[in-house]
A.B. asks: 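Sharing a structure, written as structure tokens. Questions coming.
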Amino acid sequence: MYEYAISFTIKSDSSYSHRYDSLMEQIRATPDGKVWTETTSFALVSSSEAATAFANRLYFQSDILSDKDILIVFDHHNGICIARGPIEFPATLRSHFSQISIA
């Protein structure tokens with residue numbers, strides 16, 4: 001079982017609520033997982049999915065927009081970070097992780 005922290009930003013516009021709800025639906029649909037979503041724009045998840053598969057499912061099966069919204073999945077036990085979306089300071093983010101994928 002993997003342990004992930006998820007942080008995200010959904011840009012505020014007319015479809016914000018739809019995109020937010022769509023992403024939260026994917027987070028809560030984590031197979032075999034425990035999910036904690038008590039705070040805004042952050043979740044803790046235990047999942048049987050590997051980091052890349054997990055991040056890709058959240059990003060590509062929800063309705064978040066690649067040119068507006070940011071999703072970051074952290075595997076804090078293994079120092080892995082997967083970031084999707086328009087990351088403004090990728091070098092700073094990279095400096096915190098031994099393994100990182102920014103797309």
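Treat the numbers as computed from the prediction; the structure is a model and nothing was measured.
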A.B. asks: Show the nearest heavy-atom pair for residues Met1 and Ser46, with the distance to one decimal.
C.D. replies: SD-C, 3.7 Å

A.B. asks: Just how far is it from atom CD of Glu88 to atom OG1 of Thr92, taken to the nearest 0.5 Å?
C.D. replies: 10.0 Å

A.B. asks: Hydrophobic cluster membership, with links at side-chain heavy-atom distances under 4.5 Å among I/L/V/M/F/W/Y: are Ile27 and Phe42 in one?
C.D. replies: no

A.B. asks: Could you check whether any side-chain heavy atom of Leu71 comes within less than 4.5 Å of a side-chain heavy atom of Ile64, counting everything from C-beta outward?
C.D. replies: yes

A.B. asks: Between Phe97 and Phe74, is the ring centre distance below 6.0 Å?
C.D. replies: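 Between Phe97 and Phe74, the centre distance is under 6.0 Å.
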
A.B. asks: Quick one: are Phe8 and Met24 in side-chain contact, heavy atoms under 4.5 Å?
C.D. replies: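 Yes, close enough: below the 4.5 Å cut-off.
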
A.B. asks: Look up atom CD in Gln26 and atom CG in Leu58, then write down how far apart they are to the nearest 0.5 Å.
C.D. replies: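 One gets 6.5 Å once the value is rounded to the nearest 0.5 Å.
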
A.B. asks: When rounded to the nearest 0.5 angstrom, what is the spacing between CD1 in Ile87 and CZ in Arg84?
C.D. replies: 10.0 Å

A.B. asks: Got a salt bridge between Arg19 and Asp13, using NZ or NE/NH1/NH2 to carboxylate O under 4.0 Å?
C.D. replies: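 Judged by the 4.0 Å cut-off on N to carboxylate O distance, Arg19 and Asp13 do form a salt bridge.
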
A.B. asks: Out of curiosity, Ile6 CD1 to Thr37 OG1, how far, rounded to the nearest 0.5 Å?
C.D. replies: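 Between Ile6 CD1 and Thr37 OG1, I get 9.5 Å after rounding to 0.5 Å.
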
A.B. asks: So, do Lys34 and Val45 sit near enough that their side-chain heavy atoms are less than 4.5 Å apart?
C.D. replies: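 They are not in side-chain contact.
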
A.B. asks: So, for Phe54 and Tyr4, is the gap between ring centers shorter than 6.0 Å?
C.D. replies: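 Judged by ring-centre distance (under 6.0 Å), Phe54 and Tyr4 do meet the cut-off.
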
A.B. asks: Is it the case that over 12 heavy atoms from other parts of the model lie below 6.0 angstrom from the CD atom of Glu25?
C.D. replies: no

A.B. asks: Tell me whether Leu23 shares a hydrophobic cluster with Val35, the cluster being built from Ile, Leu, Val, Met, Phe, Trp, Tyr side chains joined at under 4.5 Å.
C.D. replies: yes

A.B. asks: Whether the side chain of Asn78 engages the backbone of Ile80 through a donor-acceptor N/O pair (distance < 3.5 Å, no angle test) should be reported.
C.D. replies: no

A.B. asks: So which heavy atom on Pro31 is nearest to which on Ser48, and how close?
C.D. replies: O-OG, 3.8 Å

A.B. asks: Are Trp36 and Val73 in one and the same hydrophobic cluster, where Ile, Leu, Val, Met, Phe, Trp and Tyr link if side-chain heavy atoms are under 4.5 Å apart?
C.D. replies: no

A.B. asks: Is there a path of hydrophobic side-chain contacts, each under 4.5 Å between heavy atoms of I/L/V/M/F/W/Y residues, joining Ile100 to Tyr2?
C.D. replies: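 Different clusters.
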
A.B. asks: Between Ser62 and Arg57, is the side chain to side chain donor-acceptor pair (under 3.5 Å) condition met? List the steps.
C.D. replies: CA-CA 8 Å; Ser62 71; Arg57 179 175 62 79; over 6 Å; no

A.B. asks: Does any non-hydrogen side-chain atom of Thr30 lie less than 4.5 Å from one of Glu49?
C.D. replies: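 Contact flag for Glu49/Thr30 side chains = yes.
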
A.B. asks: When hydrophobic residues are tied together by side-chain contacts of less than 4.5 Å, even through go-betweens, does Ile102 share a cluster with Ile70?
C.D. replies: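 Yes, Ile102 and Ile70 fall within the same hydrophobic cluster.
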
A.B. asks: Atom CG of Asp63 and atom CD1 of Ile10: how far apart are they, to the nearest 0.5 Å?
C.D. replies: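 With rounding to 0.5 Å, CG (Asp63) is 10.0 Å from CD1 (Ile10).
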
A.B. asks: Once you round to the nearest 0.5 Å, how far does OG of Ser15 lie from NZ of Lys68?
C.D. replies: 5.5 Å

A.B. asks: Counting C-beta onward and ignoring hydrogens, is there a side-chain heavy-atom pair between Cys81 and Arg94 closer than 4.5 Å?
C.D. replies: no

